[in-house]
> 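Submitted below is the structure of interest, expressed as structure tokens.
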Amino acid sequence: MTVTLADVAARAQVSPATVSRVLNGNYPVAASTRERVLRAVDDLDYVLNGPASSLAAATSDLVGILVNDIADPFFGIMAAAIQSEIGGPGGRAGGERLGVVCNTGGSPERELTYLTLLQRQRAAAVVLTGGAVEDAPHAAAVAAKLRKLGDAGTQVVLCGRPPAPDAPEAIALTFDNRGGGQQLTEHLIGLGHRRLGYIAGPEERTTTRHRLEGHRAALAAHDIEDDPRRTVHGRYDRRAGYEATLELLRRDPSLTAVVAANDTVALGACAALREAGLRIPDDVSVAGFDDLPFSIDAVPALTTVRLPLSEAGARAGRIAMGREEPPPGGIATVRGELMVRGSTGVPRA
């Protein structure tokens with residue numbers, strides 16, 4: 001049954017006019033009243049009609065692109081590629097769509113808020129990029145939002161994100177982070193490294209777990225001990241890589257290689273090694289992940305796993321706009337490519 005503005009007013013114990021004022025933001029309302037109204041809106045899952053031009057259609061011309069951090073090239077490259085594909089025929093305003101990049105800052109609460117706002121605006125499509133948060137209640141809440149978006153006619157695409165089993169409406173282009181992580185560590189082991197440090201990302205992220213699982217699978221395949229002292233978790237940024245590398249060296253000064261969660265983290269690792277008087281790769285090899293644009297210009301250039309971020313983003317955009325058929329079963333695995341460069345070499349004797 002459709003929830004009406006009057007239903008929200010009854011739940012919040014205010015007049016329909018007050019609900020309208022809160023939702024439109026065009027009249028001052030007491031903070032406590034506003035909070036009651038917004039809570040009622042969320043409880044009842046009330047969908048705001050949005051712009052008048054969208055009332056006659058199932059969806060609007062809006063396309064939402066959710067990213068963790070737009071300043072991170074990993075997300076910026078995908079967002080740009082998605083946006084490049086959402087224009088053209090299909091929208092009502094001259095055939096164009098309005099792409100809105102929603103920066104969650106890594107906050108699960110912001111992710112849910114943006115999905116709710118996009119649902120209220122009857123978005124034509126929503127693309128969620130990057131890994132998911134590994135928290136059962138949050139995953140259930142996201143799945144519920146995705147199902148409601150799909151039921152309302154919104155095309156949902158996950159780009160670089162694992163499939164959502166409880167939201168089969170969502171098309172998933174998922175990165176093979178396990179395979180890439182294993183390939184990277186296999187390369188280092190093949191060079192002769194046995195004492196490898198690993199800088200992992202935040203523990204609650206699927207990307208972190210999958211890449212770390214790939215690293216550990218390579219160690220196990222060669223009967224190399226997975227010493228917990230040689231793994232440090234941190235953020236996906238340069239400072240975290242710098243601090244984690246210093247910690248790894250403190251724990252085990254005999255390390256001959258450092259595998260980083262991504263290329264940005266690897267840059268921080270390189271800075272810490274140089275500060276400690278160690279040469280790359282003569283004393284310690286360093287490897288990253290993603291093959292971000294700056295990785296080839298690092299000194300020495302980073303060995304990494306290239307993820308086709310732009311290609312995956314463009315494909316997600318075409319699927320979102322209905323210009324490309326979804327993959328069979330709604331899921332496609334996007335594999336990376338090992339890029340061997342100057343930052344890895346044979347370990348010192």
Side-chain angles (χ1 to χ4, degrees), residues 68-69 71-78 130-131 160 175-191 193 196-202 205 207-216 218-219 230-249 255-276 278-310 312 334-345 347:
N68 190 338
D69 180 5
D72 183 336
F74 177 88
F75 293 99
I77 291 169
M78 283 192 287
F175 292 146
D176 182 19
N177 285 306
R178 284 191 190 88
Q182 182 166 356
Q183 192 177 20
L184 199 60
T185 300
E186 289 275 5
H187 164 67
L188 288 164
I189 293 172
L191 290 173
H193 293 276
L196 296 86
Y198 191 92
I199 307 174
R205 292 279 164 181
T207 300
T208 298
R209 178 169 62 84
H210 294 162
R211 292 182 182 183
L212 183 53
E213 285 175 350
H215 168 72
R216 287 172 169 165
L219 295 179
R230 293 177 179 164
T231 298
V232 176
H233 286 268
R235 302 173 307 280
Y236 285 120
D237 60 35
R238 182 185 181 281
R239 182 175 182 85
Y242 175 86
E243 293 174 348
T245 301
L246 293 180
E247 176 62 20
L248 286 170
L249 291 174
L255 291 177
T256 63
V258 173
V259 183
N262 67 12
D263 294 338
T264 305
V265 172
L267 288 187
C270 290
L273 291 169
R274 290 193 186 96
E275 186 176 289
L278 297 169
R279 299 165 299 165
I280 304 166
D282 303 62
D283 298 316
V284 180
S285 289
V286 178
F289 206 115
D290 296 333
D291 195 25
L292 298 176
F294 58 76
S295 64
I296 198 168
D297 295 319
V299 180
L302 277 176
T303 290
T304 184
V305 171
R306 180 186 183 273
L307 289 180
L309 301 175
S310 183
V334 180
R335 305 192 188 282
E337 177 186 1
L338 179 66
M339 310 298 290
V340 178
R341 300 186 181 124
S343 66
T344 54

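As a basis for the values below, the full set of heavy atoms in this structure was taken, side chains included, without hydrogen atoms, waters or symmetry mates. Computed from a prediction, not measured in an experiment: that's the story for all the values here.
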> Looking at R239, I want to see if its CZ is surrounded by more than 12 non-hydrogen atoms of other residues, nucleotides or ligands under 6.0 Å.
no
> Looking only at side-chain N and O atoms, does H233 offer a donor or acceptor that is under 3.5 Å from a partner on T208?
no
> Check step by step if side-chain contact (heavy atoms from CB on, under 4.5 Å) holds for F294 and T264.
CA-CA 9 Å; F294 58 76; T264 305; 3.6 Å; yes
> Working note: L249 + L278, criterion side-chain contact (heavy atoms from CB on, under 4.5 Å); need CA distance, chi angles, decisive distance, verdict.
CA-CA 11 Å; L249 291 174; L278 297 169; 4.1 Å; yes
> For G345 versus L191, what's the shortest heavy-atom pair and its separation?
O-CD1, 3.6 Å
> Hey, which of R209, H215, R211 is the one that makes side chain to side chain donor-acceptor pair (under 3.5 Å) with E213?
R209
> Quick one: are V258 and I199 in side-chain contact, heavy atoms under 4.5 Å?
yes
> Tell me which one of L302, L267, L309, T304 satisfies side-chain contact (heavy atoms from CB on, under 4.5 Å) with L292.
L309
> Knowing that exactly one of D291, N177, D176, I77 qualifies, which makes a side-chain contact (heavy atoms from CB on, under 4.5 Å) with L307?
N177
> The test is side-chain contact (heavy atoms from CB on, under 4.5 Å); show your working for Y236 and D69 and say whether it passes.
CA-CA 10 Å; Y236 285 120; D69 180 5; over 6 Å; no
> Any side-chain heavy atom of M339 sitting closer than 4.5 Å to one from E337?
yes
> Tell me the closest heavy-atom pair linking D237 and R235, and the distance in Å.
OD2-NE, 2.8 Å
> Determine the minimum heavy-atom distance between T207 and G131, stating which atoms define it.
OG1-CA, 3.4 Å
> Could I get the full list of side-chain contact (heavy atoms from CB on, under 4.5 Å) partners for E275, not counting sequence neighbours?
Y242
> Evaluate side-chain contact (heavy atoms from CB on, under 4.5 Å) for L255 paired with V284, printing each intermediate quantity in order.
CA-CA 7 Å; L255 291 177; V284 180; 5.6 Å; no
> With heavy-atom distances below 4.5 Å as the criterion, would you say the side chains of P300 and S343 are in contact?
yes
> Measure across A261 and G201 and return the closest heavy-atom pair with its distance rounded to 0.1 Å.
CB-N, 3.7 Å
> Considering non-hydrogen atoms only, spot the tightest contact between A287 and A266 and give its length.
O-CB, 4.1 Å
> Given side chains that start at C-beta, do those of L219 and I189 come closer than 4.5 Å, heavy atoms only?
yes
> Taking only residues two or more places apart in sequence or in another chain, which ones pass side chain to side chain donor-acceptor pair (under 3.5 Å) with N68?
none
> For residues T256 and L188, determine if any side-chain heavy atom of one lies less than 4.5 Å from a side-chain heavy atom of the other.
no
